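Below: the structure, in structure tokens.
Side chains included, hydrogens not; waters and symmetry mates left out as well; all remaining heavy atoms used. Quick caveat, the model's predicted, so the values are computed rather than measured. The chain is numbered in sequence order, starting from 1.
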Amino acid sequence: MHRVILFITAAILGFGFPEVPASVVAERDLEKRSELALKAADDQISAAVKAYTDGAEPKVFEQHISTIEELARLSMQSLQDTGKQASKKPKYFKRAELKLRALLRRMATLSNDVSVDDRPRVEAAMKSMTEIHEKLLHDIMAKK
């Protein structure tokens with residue numbers, strides 16, 4: 001029921017996940033949604049690089065960065081909503097952790113490639129993603 005309310009809220013009010021692809025939010029299997037969200041985040045990094053190198057408006061670049069953050073949060077929230085303990089059934093949690101680590105490396109490269117003026121926004125997104133990554137690691141390694 002919670003997922004339906006979340007989806008309806010996002011769709012009708014435009015609240016929550018405005019830039020997140022509808023196919024990701026519509027996925028019913030929470031573990032698959034997590035994977036789709038991280039795949040979409042990878043695509044958004046590529047789109048951000050392209051927008052930046054093509055000289056698109058700064059708003060377009062920032063929108064891609066915001067979407068990457070939202071997708072990382074959605075991935076983590078989807079895994080938490082499964083109700084599974086990461087330490088007991090780590091398969092999808094570990095997949096998310098590995099993918100998020102790869103995304104962070106790509107974001108670090110992007111941060112180095114953009115101008116000094118655009119760097120704080122990318123670094124803020126990286127900080128948010130790092131917190132999610134650390135939470136995943138903590139959950140996987142927890143004793144309980």
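- Under a hydrophobic clustering in which Ile, Leu, Val, Met, Phe, Trp and Tyr are joined whenever their side-chain heavy atoms come within less than 4.5 Å, directly or via other members, L74 and Y92 fall into different clusters.
- In terms of the salt bridge (charged side-chain N to carboxylate O under 4.0 Å, His left out) criterion, residue partners of K135 (sequence neighbours excluded) are, by chain and number, D139.
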Just list the side-chain donor-acceptor pairs under 3.5 Å for residues 56-67, sequence neighbours left out, or say none.
residue: H64; atom: ND1; partner: Q44; partner atom: OE1; Å: 2.7
residue: S66; atom: OG; partner: E62; partner atom: O; Å: 3.1
residue: S66; atom: OG; partner: R121; partner atom: NH2; Å: 2.9
residue: T67; atom: OG1; partner: Q63; partner atom: O; Å: 2.8

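- Atom CE of M126 and atom OG of S111 lie 5.5 Å apart (nearest 0.5 Å).
- For R106, the side chain to side chain contact (heavy atoms under 4.5 Å, CB included) partners two or more places apart in sequence, or in a different chain, are D42, I45, S46.
- Residues passing the side chain to side chain contact (heavy atoms under 4.5 Å, CB included) test with T130 are L104, E134, sequence neighbours excluded.
- Here L137 is tied to no hydrophobic group at all, with no ILVMFWY side chain closer than 4.5 Å.
- In terms of modelled atom types and a separation under 3.5 Å, the side chain of R119 and the main chain of V114 share a donor-acceptor contact.
- Pairs engaging residues 105-143 under the ring-ring contact (aromatic ring centres under 6.0 Å, His included) rule: none recorded [sequence neighbours left out].
- Checked against side-chain hydrogen bond (donor to acceptor under 3.5 Å, both in side chains), S78 has no partners two or more places apart in sequence or in another chain.
- For E35, the salt bridge (charged side-chain N to carboxylate O under 4.0 Å, His left out) partners at least two apart in sequence or on another chain are R95.
- For D43, the salt bridge (charged side-chain N to carboxylate O under 4.0 Å, His left out) partners are K39, not counting sequence neighbours.
- For D117, the salt bridge (charged side-chain N to carboxylate O under 4.0 Å, His left out) test picks out no residue, with sequence neighbours left out.
- Remark: K89 engages K84 in a side chain to side chain contact (heavy atoms under 4.5 Å, CB included) (not counting sequence neighbours).
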